[in-house]
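Keep in mind the model is a prediction, meaning the values are calculated, not measured. Letters A, B, ... are given to chains in the order of the sequence lines, protein chains preceding strands, and every chain is numbered from 1.
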Amino acid sequence: MSEHILSSKLYYTIWIILMVLTVVTAWIATVDLGPFNTIVALAIATGKALIVTLFFMHVKYTSEKLTKTVIVSALFFFLVLLALSMADYGTRHLM
Amino acid sequence: MSDSPATMEHGHSPALRHHFADVEQQRNAASLGMWLFLATEIMFFGGMFCAYLIYRISYFNEFAAGSQSLQLKVGAANTVVLICSSLTVALGVRAAQMGKRRLLVVLLLLTMLFGLTFLGVKAYEWHREYEEHHVPGFGFDAKNLIEEHPKLGIDPQHAQVFYSLYFAMTGMHAIHMIIGVGLFIWLTFMAWRGEYGPEYYTPVENAGLYWHFVDIVWIYLFPLLYLIDRKPLG
């Protein structure tokens, strides 16, 4: 990561994409898409989070493979948290 | 240690600690440590996101009505402010990598300015919710939610759950922002003294990672709290 000093042009491009996605997500929320409102909002948020991680946080350019392992396992355990909680609540008639 | 024969022999960078093979390995180790900390932060915020998911499914109508009571434009404007602060941090790390001291100081100051703007707007929103009696506790009142959405059958207790999660999540996020601004005050001081350059900028890089992480948390909080239930309700 130290070897690659990214061009400022790349950072500005990422910034513009993030701004456009923010406007798009705020606008599309006012359009009735039925159950897809939730999916679209979360998909756009995930897209924004992904480009922040890859470019602003330099994950795309790091030579340390363990960094990616740490991120993927953290997300995996977060999904385990959600999945097991939902399996529990969903089968106990608590919801 | 820097005067030891071994160091002189190999002509090591003064920033390199003796237990690392080279500067690259030292930087990767520091970055990996920061990512491990961020992994614990994912689980910390993850608990609240999990609680949000469970109660949103359980009390959908109250969450929809509560979400509509928040100001979409203010939330979107704050998202823009935070994205701008992420840009200035990213450019700041770049300035440190290139040894541009003055630019680094300016970018760190700009980041703090954006961070404080975000906190100011958030304080305005919290004040508005306080005036509407939407702060959970003894003064809580869901009257205006019930008036606005008479067909939803809103239970004030369930509405309180929405606002509890709203204040817990935005509050925890704001505490992280305040800590971040504190870090940047220290970094600006050190950068102004010329402590960071192409050889050593680990604190700038790691504070940047932290700031971007806090930005990502808001990237998810914004749609979950402000956006998901915007379409007209029954």
Please give me the minimum heavy-atom distance between [X] and [Y], naming the atom from each residue.
X        : Y        : result
B:Leu91  : A:Ser8   : CD2-CB, 4.0 Å
A:Thr53  : B:Ile216 : OG1-CD1, 3.5 Å
A:Phe78  : B:Gly46  : CE1-CA, 3.2 Å
B:Leu227 : A:Ala26  : CD2-CA, 4.0 Å
A:Ala45  : B:Ile219 : O-CG2, 3.4 Å
A:Ser63  : B:Asn28  : OG-ND2, 3.3 Å

Distance, nearest 0.5 Å, that separates [atom1] of [X] from [atom2] of [Y]:
X       : Y       : atom1 : atom2 : answer
B:Ile83 : A:Leu18 : CD1   : CG    : 5.0 Å
B:Trp35 : A:Thr62 : CH2   : OG1   : 9.5 Å
A:Tyr11 : B:Leu87 : OH    : CG    : 9.5 Å

* Asked: For the side chain of B:Arg94 and the backbone of A:Ile5, is there at least one donor-acceptor N/O pair under 3.5 Å apart?
  ->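 Not confirmed, B:Arg94 side chain does not pair with A:Ile5 backbone.
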Would you mind checking which part of [X] comes under 4.5 Å of any heavy atom in chain B, side chain (CB onward), backbone (N, CA, C, O), both or neither?
X       : result
A:Val59 : side chain
A:Tyr12 : both
A:Ile71 : side chain
A:Leu6  : backbone

* Compute whether any side-chain donor of one residue and acceptor of the other, for B:Tyr220 and A:Thr46, lie under 3.5 angstrom apart. =>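 Judged by distance alone, the side chains do pair up.
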* Asked: Does a side chain donor of either A:Glu64 or B:Ser31 reach within less than 3.5 Å of an acceptor in the other side chain?
  ->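 Side chains of A:Glu64 and B:Ser31: no pair found under 3.5 Å.
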* Please examine the side chains of A:Ser85 and B:Ile54, heavy atoms only from C-beta on, and report whether any two atoms are closer than 4.5 Å. =>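 Contact flag for B:Ile54/A:Ser85 side chains = yes.
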* Just wondering, do B:Arg56 and A:Thr38 contact through their side chains at under 4.5 Å, heavy atoms? ->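 The answer is yes; the side chains approach within 4.5 Å.
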Does any heavy atom of chain A fall under 4.5 Å from the side chain of [X], the backbone, both, or neither of them?
X        : result
B:Val93  : side chain
B:Phe222 : side chain
B:Leu72  : side chain

